[in-house]
Each structure stands twice: as structure tokens, then as C-alpha cells.
Amino acid sequence: MYLKDEVRQTLKDRIIRALKKAIDEKVIVAETIPDFYLEVPQDPGHGDFAANIAMLMAREAKMPPRKIGELIAANIDTSDTPVDRVEVAGPGFINFYLKPTWANVVIFDILTKGRDYGRQELGGGRKIQVEFVSANPTGPMHMGNARGAALGDALSSILKLSGYDVTKEFYINDAGNQIENFGLSLEARYLELLGQEGHIPEGGYHGEDIKDHMRNLIAEEGNRFLHMDSPSRRAYFIEYALKKNIQRMKDDLENFGVYFDIWFSEQSLHDTGKVNEVINLLKQKGCTYEKDGALWFTASEFGGDKDEVLIRTNGLPTYFASDIAYHKDKFDRGFDRVIDIWGADHHGHVARVKGALKALGYDPDRLTVILMQLVRLYRNGEIARMSKRTGRTVTLADIVEEVGRDAARFFFNMRGADTHLDFDLDLAIKQSDENPVYYVQYAHARICSILRQASEQGISLPEIESIPLASKDKYALLLTEKSEIDLIKKLADFPGEIRLAAENLSPYRITNYCMELSSVFHSFYNSCRVLTDDKDLTNARLLLVTAVRQVLRNAFAILGISAPERM
RNA sequence: GCGCCCGUAGCUCAGCAGGAUAGAGCAACGGACUUCUAAUCCGUAGGUCAGAGGUUCGAAUCCCCUCGGGCGCGCCA
């Protein structure tokens with residue numbers, strides 16, 4: 001357990017003991033002890049921890065909360081704790097004031113654990129799958145995919161650190177109507193490029209990339225497909241272009257620092273018969289019926305708005321059908337929990353898939369869908385449209401190239417998934433103080449600079465293991481400046497931030513944490529010199545900034561941004 | 001029409017397992033580099049938390065309604 005949780009738990013225990021004592025002595029009348037909590041007050045004047053138990057008990061105890069608070073405070077035993085004093089304030093908060101240096105030992109915990117500082121066992125090794133990006137392979141990835149990539153990758157890192165066995169998966173939508181249209185569009189361009197008439201169908205793809213594929217194909221294989229029958233050559237074109245598109249997605253994501261454990265093909269679900277299998281299963285369970293020549297799933301009986309088509313009149317299964325098979329397959333592969341990250345425009349799909357899982361006998365609560373609101377891209381103060389079909393779009397690769405991996409990943413994780421994200425290209429590109437990513441990286445670079453300086457002066461940090469306990473205490477107790485104390489407390493917050501980010505599936509918490517930690521570090525930097533004539537103080541502060549550097553690195557690793565040593 | 005998301009400082013947003021006086025960055029204004037990187041810091045100013053009601057000792061936070069913005073409601077994915 002981490003320092004802060006330990007202290008919190010201790011104080012909680014002592015409060016409960018004090019309350020029980022008061023109840024035994026009949027100064028407080030109560031049957032139950034409410035589920036109270038100890039929070040860190042926003043205002044440091046209210047102590048280091050505050051308990052809200054007195055207010056929660058007021059009703060049952062028929063006593064003013066302040067009175068209850070005072071009775072608990074009077075009975076509390078704070079021996080063997082870092083508590084300096086206890087006060088009751090406001091409506092009845094019990095405020096704990098700790099010895100200012102109570103958290104200082106956290107520095108040694110950080111330096112000992114290194115990159116594992118923050119790791120914890122919330123997940124108990126349970127298997128969890130995060131499926132994200134899953135872009136259509138019919139063209140380049142857009143801004144929404146970029147946001148999903150940054151979000152999903154950071155979330156996966158957080159869950160890994162929290163003790164889950166995480167699998168990152170990309171679902172390739174290489175089946176269905178869009179692939180048909182893809183093939184028709186490729187064919188049309190092929191014919192046009194060879195001087196014949198081609199027609200791109202309704203819902204087809206007009207992008208330049210389609211032409212590029214066919215230009216390349218013609219360069220490689222000439223006009224030999226002109227005389228092939230249309231379905232055969234389309235199949236060939238599709239395979240040819242799909243393979244290249246998928247490889248390109250892999251490359252683009254790699255440039256973005258995002259790697260997947262599994263690339264899962266939708267087509268494979270059809271090829272292995274799993275789609276038919278799941279449709280039959282639903283039939284057996286009596287959850288289907290035929291109408292207007294199509295096969296329907298009774299989604300409305302499982303929480304959906306209306307029933308949904310599984311097999312179209314033309315005999316082909318819908319995307320919905322393969323998605324049911326896909327999600328069944330996920331659970332059959334042994335995942336305890338599955339997280340999907342989808343664009344908000346797919347939200348109507350959530351109830352349907354969950355309904356189908358329920359119909360199949362799976363607990364739909366094991367599936368969590370994070371709906372990501374769409375990204376609005378601004379350039380020169382104007383909204384930049386992004387439609388894959390028009391070909392005039394800003395792609396994920398463009399973003400990485402234009403604003404850089406670090407700024408892009410940081411920007412996408414500055415907000416929760418459910419907020420509309422305005423991505424200001426001009427701001428992200430700017431290498432100035434307006435750009436928040438530099439603020440956090442600068443903190444890291446500054447620390448590296450101090451350590452370089454120290455090394456040049458022949459000052460070397462002792463190995464953590466070789467520092468005797470007494471010296472650790474000595475160093476820790478030397479750090480008493482307000483900015484030092486603030487910085488140390490912020491370091492102690494890190495494991496709790498990881499936990500919250502994991503519980504709420506909110507990577508943006510880590511981004512915010514980076515800003516806060518950097519902020520208190522910069523304040524410290526401006527008020528305290530690290531390298532001084534005082535050898536012990538210098539050592540103590542070197543240990544402190546080294547710990548800050550470690551935590552920054554750990555947080556950057558989650559977000560997938562680099563930790564530059566110089567800027 | 002129905003459903004989902006959002007509405008907090010001039011701008012972009014934190015804060016939303018209910019807690020004490022609502023925060024940060026940018027923009028504005030005033031200060032700080034003979035000292036480890038000024039991509040920094042310190043200070044000032046800036047608010048009917050969209051609006052109305054309800055629950056509560058206590059509401060930006062939870063519930064209901066209204067308004068405004070976005071997105072869905074396909075035999076597309």
C-alpha cells in the first residue's frame with residue numbers, strides 16, 4: 001500500500017475506534033457507523049485530511065454534527081501516527097493536521113520502486129481487453145481515430161499499471177457494404193486511369209488514395225485486369241489495396257507510438273462460420289423472426305429501441321450480426337471484461353450489442369463502451385472538415401507530422417472522452433508557452449539539467465539501498481520549505497491518481513496530474529536552489545528532484561510522450 | 001418527435017463517488033534572470049457554475065423541467 005492510503009486507513013481506523021468508544025460510553029447514540037471518507041481539503045488551512053463522518057451521523061444520533069465531531073475528536077487516539085493536532089471546524093469536519101514532513105519518506109519509496117512507482121494490484125490479474133481505433137481500412141485514419149488511439153493506449157497503460165492483464169485489439173472492418181463500395185471505387189478509378197469510363201457508386205470513395213492505389217497497381221501489373229470479369233478483379237483490387245491500407249495504418253499508429261497486441265479481422269468471423277453460428281444460436285433461443293424477407297433480432301426485448309436486422313433480404317449478414325459474433329468471441333477468449341472505444345456516432349449500437357449479449361446469456365455489464373465525442377479541428381480559426389470520402393481530410397499521419405507525436409497525444413488526453421474536443425492545430429504546433437505539452441516536458445528537462453550540473457561538479461547521488469535509515473530520515477526532515485512540502489505531497493498523490501484514472505477510465509486525469517506536478521515543481525525551482533554549499537541539503541534536494549523526474553517519466557510513459565533531457 | 005453527450009472567467013477547459021471561500025492555462029495588467037534552462041515564477045484583475053424548481057445540515061456536483069449546441073434514431077458501418 002502507498003503512503004497516503006496507509007495514513008488515510010490509519011486515521012479512519014482511529015476515528016472508528018473513537019466513535020465506538022463514545023457509543024460504548026453512551027455519549028453518542030448510534031446503531032451503525034456510516035460509510036464516511038477522509039478527503040484532502042482544497043484549502044490547506046483545513047488540514048491535511050478531513051473526515052465528514054459527523055455530518056453523516058447527525059440525523060441518526062439526533063445531535064448537531066459539530067457536537068459529534070467534538071466527541072469523536074475528544075476520544076481519538078493519535079499515538080503512532082503523523083498527526084500533529086485534530087480540530088473540528090465548519091459544519092462538523094474533523095480536520096487532521098499532520099506534521100509538515102509527514103510525506104517526505106515518499107521520496108525513497110519512489111526512488112526504490114522506480115518505474116513501478118504507481119503500480120498497484122486493483123485488477124488482480126483479471127483479463128481485460130481494450131478495443132480501440134478499429135478504423136475502416138478503406139482509407140487513412142482521421143482525427144477521431146487519432147483521439148481514440150491516444151485515449152485507448154493511455155487507458156491500456158493505466159489498466160496495466162493497475163494490475164490488469166490487458167490486451168489491446170484493433171478490429172478491422174474488412175467486410176460488408178463498405179468493402180463492396182471500396183472495390184467498386186477502385187475498379188472505377190482503374191478504368192478511368194486506363195482511359196475507360198468508370199463510375200464511383202453512391203457511398204463510394206472519392207479520395208486521392210484510391211487513385212494512388214490503382215496507379216501503383218497499373219505500374220506494377222499494367223492493364224491485365226481490363227479483360228478480367230468484374231467480380232474477380234474487384235476481389236483482387238480489394239485484397240491489394242486493403243493489405244496496403246492495413247500496413248499503412250500499422251505504420252501510422254507506430255509513428256504515433258501505439259501498438260496493438262491483436263489485429264482482428266471481421267472477415268475472419270465470416271470465414272470461420274462464427275457469424276452463422278451466432279445467428280443460429282439466437283434462432284435457437286427464439287430471439288429471431290423473419291419479416292419482409294429479412295431475419296430480425298428481437299432487440300426491443302433486450303433493452304434496444306427497436307428490433308434489428310441480422311440477415312438482409314439479399315442474404316448477407318449485417319454489421320450488427322458480425323459484431324455480435326465478435327463480442328461473443330471476445331468473451332469466449334476468456335476476457336473478464338471488455339472495453340470498446342467508439343465514436344459517439346455509434347452510440348445507438350451500444351444497447352443493441354449489449355442486448356444481443358444478454359440474449360446469448362452473457363452478462364452485458366462485462367462490456368463497457370466508452371463513447372468518444374467527435375473532434376473538431378480548427379486551423380486559422382476555422383473549422384477544418386474531415387470527411388474521409390472527399391479525400392480532403394486531415395489524417396492521423398498529418399497530425400503526427402504537423403504537430404508531433406507528443407503534442408498530439410497530450411492534447412487528445414487533456415479532456416475526458418465525453419467532451420467535444422476542439423483541436424486547435426495552430427496552438428498545438430506552436431513551440432511556445434501557450435502549448436501545455438512543453439510545460440510538462442520542460443520540468444523534466446530542467447531536472448535533467450540540474451543533475452547534469454551536479455555531476456559536472458562531482459556531486460553524485462548515493463545509491464538508495466546504501467543510504468542508512470537514519471540518513472534517510474535526516475534527508476527527509478531537511479525538506480521543510482513550503483514549496484518542497486507541496487512538491488512532495490503531489491508526488492505522494494500519484495498512485496491515487498492512477499487508481500482514479502483506472503476506476504473511472506479517465507486518462508485525462510494523468511494529463512492533469514502532469515500539469516499539476518510540473519506546476520509545483522516549477523514553483524519549487526524558482527524558490528529553492530538545489531545545488532548549494534550545504535552538502536546535506538543539496539543531497540536531500542537532489543533526491544527530491546530525482547524522485548520528481550521519476551514520477552514525470554512514469555506519467556509520460558502512460559501518455560506516450562517523450563521525456564526530453566534538454567529543450 | 002424520441003434517445004445520448006455537452007453548457008463553469010473574454011477564450012479553452014478542470015472540478016461532478018454531494019462538502020468548507022468554485023480552480024488552471026491562454027488572453028489583459030504589474031513585477032522577478034551577475035545564481036542549477038525566463039518554454040519559468042510571483043502578483044493583480046476577471047464568475048447570476050445556461051435558467052427555473054426539487055432532495056439535503058450542505059448542490060457546479062444528484063433528480064425533474066426549460067433553453068442553447070453537438071450526435072444518433074438505415075436491410076450503412
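Letters A, B, ... mirror the listed sequences (proteins, then strands); counts begin at 1.
- The shortest non-hydrogen separation linking A:Phe49 to A:Lys4 is CZ-CG, 4.0 Å.
- Of the candidate nucleotides B:A38, B:G72, B:A77, B:A38 has the atom lying nearest to any side-chain atom of A:Arg446.
- Counting non-hydrogen atoms of other residues, nucleotides and ligands closer than 6.0 Å to NZ of A:Lys358 gives a total of 12 or fewer.
- Here A:Lys330 does not pair with A:Glu169 in a salt bridge; the nearest charged N to carboxylate O distance is not below 4.0 Å.
- Rounded to a whole Å, the CZ atom of A:Phe320 is 13 Å from the C1' atom of B:G74.
- Relative to the side chain of A:His347, the nucleotides B:C4, B:A39, B:A20 differ in distance, and B:C4 lies closest.
- Comparing the P positions of B:C67 and B:A27 gives an interatomic distance of 39 Å, to the nearest angstrom.
- Nucleotides B:G18 and B:G58 have their P atoms positioned 15 Å apart, rounded to a whole Å.
- The separation of B:G68 from B:U56, taken at their C1' atoms, amounts to 29 Å, rounded to a whole angstrom.
- A tilted orientation is assigned to the rings of A:Phe297 and A:Phe320, their planes being inclined by 30° to 60°.
- For A:Thr419 and A:Leu500, each mapped to the nucleotide of RNA chain B holding its nearest heavy atom, the one lying further toward the 5' end belongs to A:Thr419.
- Side-chain nitrogen and oxygen atoms of A:Tyr439 include at least one within less than 4.0 Å of the OP1 or OP2 phosphate oxygen of B:C41.
- If you check every strand for non-hydrogen atoms under 4.0 Å, A:Arg59 touches sugar and phosphate atoms only.
- Ranking B:C42, B:A38, B:A14 by closeness to the A:Ser523 side chain, first place goes to B:C42.
- OP1 or OP2 of B:G19 lies within a sub-4.0 Å distance of a side-chain N or O belonging to A:Tyr37.
- Spacing between atom CG of A:Asp340 and atom P of B:A77 amounts to 17 Å, rounded to whole angstrom units.
- The listed nucleotides are B:C57, B:C41, B:A77; the one nearest the side chain of A:Asn177 is B:A77.
- The C1' atoms of B:U55 and B:U21 are separated by 25 Å, rounded to the nearest whole Å.
- Between B:C16 and A:Arg509, a contact under 4.0 Å exists linking OP1 or OP2 to a side-chain N or O.
- Taking 4.0 Å as the cut-off between side-chain N and carboxylate O, A:Arg553 and A:Glu565 count as a salt-bridged pair.
- Checked for salt-bridge contact, A:Asp486 and A:Lys490 miss the test: no charged N lies under 4.0 Å from a carboxylate O.
- Taking every side-chain heavy atom of A:Ile450 into account, B:C36 is the closest of B:A20, B:A77, B:C36.
- In this structure, A:Arg415 reaches the sugar-phosphate backbone alone: every heavy-atom distance under 4.0 Å involves primed, P, OP1 or OP2 atoms, never a base.
- OP1 or OP2 of B:G15 has at least one side-chain nitrogen or oxygen of A:Tyr508 nearer than 4.0 Å.
- Using P as the reference atom, B:C4 and B:C65 are 10 Å apart when rounded to the nearest Å.
- Set against B:C75, B:A17, B:G19, the side chain of A:Met55 has B:G19 as its closest nucleotide.
- Taking each heavy atom of A:Ile488 and A:Leu544 in turn, the nearest pair found is CG1-CD1, 3.6 Å.
- In this entry the base of B:C29 is anti relative to its sugar, with a glycosidic angle more than 90° from 0.
- When atom types are taken as modelled, the side chain of A:Asn526 and the backbone of A:His522 share a donor-acceptor pair closer than 3.5 angstrom.
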Legend entry - 5'-to-3' dot-bracket of RNA chain B (Watson-Crick, G-U; under 3.5 angstrom; crossing pairs as [ ]; | other strand): (((((((..((((.....[...)))).(((((.......))))).....((.((..]....)).)))))))))....
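- Of the candidate nucleotides B:C36, B:A20, B:G72, B:A20 has the atom nearest to the side chain of A:Asn95.
- Taking atom C1' on both nucleotides, B:A50 is separated from B:G43 by 32 Å, rounded to a whole Å.
- At a threshold of 4.0 angstrom between heavy atoms, the contacts of A:Asp323 with the nucleic acid are absent.
- With rounding to whole Å, A:Leu269 atom CG is found 15 Å from B:A77 atom C1'.
- For A:Arg312, a side-chain nitrogen or oxygen approaches OP1 or OP2 of B:A77 to under 4.0 Å.
- Across B:G46 and B:C57, the matching P atoms stand 35 Å from one another, rounded to whole Å.
- Looking at heavy-atom distances under 4.0 Å, A:Ala445 makes contact with a base.
- You'll find that the side chain of A:Asp345 is closest to B:C71, out of B:C57, B:U40, B:C71.
- Counting any heavy atom pair closer than 4.0 Å across all strands shown, A:Arg66 reaches no nucleic acid atom.
- Across the P atoms, B:C29 and B:G70 are found 35 Å apart, a figure rounded to whole Å.
- Comparing B:G19, B:C36, B:A77 against the side chain of A:Pro91 picks out B:G19 as the nearest.
- For A:Phe93, the listed nucleotide lying nearest its side chain is B:A20; candidates were B:C42, B:A77, B:A20.
- Across all strands, A:Ala351 comes closer than 4.0 Å to no nucleic acid atom at all (heavy-atom distances).
- Contact annotation for A:Ala294: base contact, defined as any heavy-atom pair under 4.0 Å involving a base atom.
- If you find the closest nucleotide of RNA chain B to A:Gly90 and to A:Val309, the one lying nearer the 5' end belongs to A:Gly90.
- Within 6.0 Å of atom CG in A:Asn314, more than 12 heavy atoms from other residues, nucleotides or ligands are found, so the atom counts as buried in its surroundings.
- Nearest heavy-atom pair, A:Asn245 versus A:Gly139, reported as atom, atom and distance to 0.1 Å: ND2-N, 3.7 Å.
- In this structure, A:Lys62 atom NZ and B:C57 atom P are separated by 14 Å, rounded to whole Å.
- Counting any heavy atom pair closer than 4.0 Å across all strands shown, A:Cys448 reaches no nucleic acid atom.
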